[in-house]
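Structure first, commentary second.
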Amino acid sequence: MTIDSPALQAILLTIELAGLTTVLLLILATPLAWWLAHTESRWRTVLGAVVALPLVLPPTVLGFYLLVALGPHGPLGQLTQAMGLGLLTFTFSGLLLGSLIYSLPFAVQPLQHAFEAIGTRPMEVAATLRARPLNAFLTVALPMARPGFITAAILTFAHTVGEFGVVLMIGGNIPGKTRVISTQIYGHVEAMEYAQAHWLAGGMVVFSFVVLTGLGLLNRRHRRVLM
Amino acid sequence: MNSRFIVRKVIVQIAFACSVAIQANAAEVNVAVAANFAAPMQQIAAAFTQDTGHAVVLSFAATGSLYAQIVNGAPYQMLLSADRKTPARLEEEGLGLGGTRFTYAVGKLALWSKQPGLVDQEGEVLRTGHFEKIALANPALAPYGAAAVETLTNLELLEQLQPKFVQGESIAQAFQFVATGNAPLGFVALSQIYENGQLTEGSAWIVPASLHAPIKQDAVILANGKDNPAATSFAAFLQSETAIRIICSFGYVCQQQ
């Protein structure tokens, strides 16, 4: 039993989806996490809750609302059609959008905690040394928050790899476009092809274990470095 | 505070145990049902309970999921499958009772759009229509999906339309894709868009039975239901005139009575 080409295609697509999601989310989540870590605004709690929503909502809820919202009668669907992009459902871009929402808390929360742990003091010191805010952020805060970025990147990547409900709802199971590992496994189980399902599912277990162990080791090393 | 909480918890548990005991006295059958049969099943179960006093507990899912659950010890006494293959396989594996299999419904395939007038009575839209996507159930998983592919093959349209396929993991999802407008049209089960003998919404072409093998749906009593009077009685009820009338009204092939 070797890994067949549809499986390989699904694996590559999953890596592409998770990789792109991770890069985009780190870019989007950094200012958001910074704001959440430092603002005194009363909207902080509300926005924090919105960011955390994908943690508690069943993925099918997200998937269902995305299907409706991205559809021809939904607000996002009308927007993408007006922009000449057509409908995003059943496309890789649609999955990417879904993944950005689905994995948002996994990027924002580690970064927010990292920024909170740094506190305001290093930035104030940098300011007294006449560093401009953006400059201070790039040269002081970012390097200090490195463990947070590593955690955020790994969790976002791994969580997107494990995404299922959203993809199932808005994907349409198109090989090379929207058929990822998790939906491929589901298909094998449904079709009673348990041998193929075992290969992919077992691979996912090993992958997840390796990721989490690696994350633990990294965190331990960083703690030692910081102390 | 703490002890009061514990007392309350114990009372709740006793109440729960009592309710379970009461239910155990009346015969009850747990039926696993293929998702496409959900709507008629609820009516049939209600009629059955009214007639016999036996309770029916229904679990709906895709047939493949139900099979995996049954193989792994799910407490169902009966399976209403979306195909013939799964009950036969369960019987072979000793998980279905020999000689209890029967066809309870024959499905009809329909090409459906939410848009009135988009799908014509002859299905010509498949040849002439300018649509970007067509939804169907995954043919490897769902009998309605396989029937859709067979129909397109017979119409010699499969190659042309395959790049436009968006596949649901079940017929329920294929329906969802069309119902939300994400796919302009798609192959669904007639039972999903049919009630009281008419189309509920949009436009549809009922695919002639000559274009695909009949979508026979079989039921089987499971090993779990061996000495369960409600299971035997429900199997008989499914073949009664009352049940057949309900099944027919939901857009399945109307069987001779």
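Basis for what follows: all heavy atoms, side chains included, without hydrogens, waters or symmetry-related copies. We name chains A, B, ... by the order of the sequence lines, and we start the count at 1 in each one.
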### Task
Please indicate whether B:E201 has more than 12 foreign heavy atoms, meaning atoms of other residues, nucleotides or ligands, lying under 6.0 Å from its CD.
yes
### Query
Which pair of heavy atoms, one from B:G181 and one from A:P72, lies closest together, and at what distance?
O-CG, 2.9 Å
#### Entry: Interatomic spacing from OG1 in B:T180 to CG in A:L66 - rounded to 0.5 Å
11.5 Å
### Query
In this structure, are over 12 heavy atoms from other groups packed under 6.0 Å from B:F131 atom CZ?
yes
### Query
How close do A:Y186 and B:S65 get, heavy atom to heavy atom, and via which atoms?
OH-OG, 3.7 Å
### Nearest-0.5 Å distance, CD of residue B:Q173 to CE of residue A:M169
6.5 Å
### Side chain proximity check, A:I174 to B:V166, heavy atoms < 4.5 angstrom
yes
#### Entry: Whether over 12 other heavy atoms sit under 6.0 Å from A:Y65 OH
no
### Query
Take atom NZ in B:K85; do more than 12 heavy atoms of anything else shown fall under 6.0 Å from it?
no
#### Entry: CA sep, side-chain torsions, deciding dist, call: A:N173, B:E169, side chain to side chain contact (heavy atoms under 4.5 Å, CB included)
CA-CA 8 Å; A:N173 195 30; B:E169 52 94 19; over 6 Å; no
### Query
Looking at CG of B:N182 and NE2 of A:H73, how far apart are the two atoms once the value is rounded to the nearest 0.5 Å?
8.5 Å
### Message
With chain B as the partner, which of A:L67, A:L87, A:T89 has the greatest number of non-hydrogen pairs under 4.5 Å?
### Response
A:L67
### Message
For a 4.5 angstrom cut-off between non-hydrogen side-chain atoms, does B:F165 reach A:P175?
### Response
no
### Task
Select one option (side chain, backbone, both, neither) describing which atoms of B:Q167 are under 4.5 Å from chain A's heavy atoms.
both
